[in-house]
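Heads up, the thing below is written out as structure tokens.
In what follows, chains are A, B, ... by sequence order, proteins preceding strands, each numbered from 1.
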2 protein chains.
Amino acid sequence: MTPSPFAVPGIRTTRQRSAVVEALSHADGFRTAQQLHERLRADGVTVGLTTVYRTLQALVDAEQVDMVRADDGEALYRLCAGQHHHHHLVCRGCGRTVEVEGPAVEEWAREVGVRHGYRDIDHVVEIFGTCSTCAGNSGQEGS
Amino acid sequence: MTPSPFAVPGIRTTRQRSAVVEALSHADGFRTAQQLHERLRADGVTVGLTTVYRTLQALVDAEQVDMVRADDGEALYRLCAGQHHHHHLVCRGCGRTVEVEGPAVEEWAREVGVRHGYRDIDHVVEIFGTCSTCAGNSGQEGS
DNA sequence: GTTTGTGCAAATATTTTGCACTTGA
DNA sequence: TCAAGTGCAAAATATTTGCACAAAC
């Protein structure tokens, strides 16, 4: 049997893959492949960086993981809670991520696309900011 | 005198910089630094790739140019028509880009950030779709 | 047992930087 | 003049790939 809660057809269950998925599930927000790799090593799990990259790529292909690009081009990965469409509010400082929804935005995007004669509309929305904890360190505070 | 239509305070007008801006203005959509560099060389303009990168960066800083990240992490640049914040509707097929505005989205993003205690809110919105011309070729229709 | 996964090291690719030289204002 | 811009080559970074070995099914 396959007791793994993350069984994905076509991807074999291995110690390393499970570890990557677990590290992802522990993460509060988006993480780079390198951060995940570091974290795993810190946890005493020996996994090659290559494997982390390959696993993440496989998971993205399997639509189990979301990938976005940071401003500097680095790939950020995150386990998708649900299959349904949502967006992210990401802290620039600590990377903490909040999933947000915006039905109005979805509709707006679709409407804009249609109005210009586009079809099969898709969109990407990411919100970046500095969370109160991180802002506090720089001298400014939120309420 | 300074006949350049692209005079930006703090950035000196040079043959290379003008060429980069012109190449950008001829482009219909987003271009990578390397594409621009190639195009310039094809036009017989000798400009170093380094200079292209530095110029684009300067223009982004001066908010004359928009930068987004392609799916593979490459930076894509585009001359901004206006100075103010806007988003893009990009065709998957031909890359044709339409600048769109969404005051409601801006506000929504800021509001979401603030509600979660984030500050210095910024956001990225890109809409993708297939324009009517490209859709016609594939014969598919949504809905 | 066979196929898929793993890990190291090396390869790629993009973007940045050091430094000496040129050029715009 | 002289600070800012330029270009080459080398560096830095992120990600991918070849290949030999190990593990999963």
State whether the number of non-hydrogen atoms from other residues, nucleotides or ligands found under 6.0 Å of B:Arg41 atom CZ is greater than 12.
-> no

Spacing between B:Tyr77 atom OH and C:dT14 atom P, to the nearest angstrom = 12 Å

Under-4.0 Å side-chain N/O to phosphate OP1/OP2 contact, A:Arg69 with D:dT15 | yes

Rounded off to whole Å, could you give me the CZ-to-P distance for the B:Arg17 and D:dT6 pair?
-> 9 Å

Looking at residues at least two apart in the chain, or sitting in another chain, which of them share a ring-ring contact (aromatic ring centres under 6.0 Å, His included) with B:His116?
-> none

Base, sugar-phosphate alone, or nothing: which one does B:Thr14 contact when heavy atoms must sit under 4.0 Å apart?
-> sugar-phosphate

D:dG5 phosphate, OP1 or OP2: any side-chain N/O from B:Gln16 under 4.0 angstrom?
-> no

Would you indicate whether the side-chain heavy atoms of B:Leu24 and B:Leu56 approach each other to under 4.5 Å?
-> yes

Any idea which heavy atoms bring B:Leu76 and B:Ala70 closest together, and the distance?
-> CD1-CB, 3.8 Å

Find the distance B:Leu56:CG to C:dT15:P and express it as a whole number of Å.
-> 10 Å

Please state how far atom CG in B:Leu49 lies from atom C1' in C:dT15, giving the value in whole angstrom units.
-> 8 Å

A:Asp72 CG to D:dA14 P, in whole Å, measures 8 Å

Picking from D:dA3, D:dT15, C:dT16, the nucleotide nearest the side-chain atoms of B:Arg12 would be D:dA3

Close residues, residues 32-47 of chain B, relative to DNA chain C [heavy-atom separation under 4.0 Å] = B:Gln34

Please state how far atom CZ in B:Arg54 lies from atom C1' in D:dA4, giving the value in whole angstrom units.
-> 11 Å

Could you go step by step and tell me if A:Leu36 and A:Thr32 meet the side-chain contact (heavy atoms from CB on, under 4.5 Å) rule?
-> CA-CA 6 Å; A:Leu36 288 168; A:Thr32 64; over 6 Å; no

At under 4.0 Å, does any side-chain N or O of A:Thr51 touch on OP1 or OP2 of C:dG5?
-> no

Shortest non-hydrogen contact from B:Ser18 to B:Thr13?
-> OG-CG2, 3.9 Å

Output the single nucleotide from D:dA23, C:dT16, D:dT6 whose closest atom is nearest the side chain of B:Tyr53.
-> C:dT16

Take the protein atom CD of A:Gln57 and the nucleotide atom P of C:dT4, then report the distance between them rounded to whole Å.
-> 16 Å

Compare side-chain N and O positions of B:Thr13 against OP1 and OP2 of C:dA25 and report whether any pair is under 4.0 Å apart.
-> yes

Please assess B:Tyr53 against B:Gln34 for the test side-chain hydrogen bond (donor to acceptor under 3.5 Å, both in side chains), listing each intermediate value before the final yes or no.
-> CA-CA 9 Å; B:Tyr53 273 109; B:Gln34 319 241 4; 3.2 Å; yes

Listed nucleotide nearest any side-chain atom of B:Thr50, set C:dT16, D:dT15, C:dT15 = C:dT16

Rounded (10°) bend between the five-pair end axes of the helix from C:dG1-D:dC25 to C:dA25-D:dT1 | 40°

Whether over 12 other heavy atoms sit under 6.0 Å from A:Asp43 CG | yes

Presence of B:Thr55 side-chain N/O under 4.0 Å of D:dG5 phosphate oxygens OP1/OP2 = no

Ring centroid separation for A:His87 and B:His123, is it under 6.0 angstrom?
-> no

Hey, is A:Arg110 close enough to A:Glu106 for a salt bridge, meaning N to O under 4.0 Å?
-> no

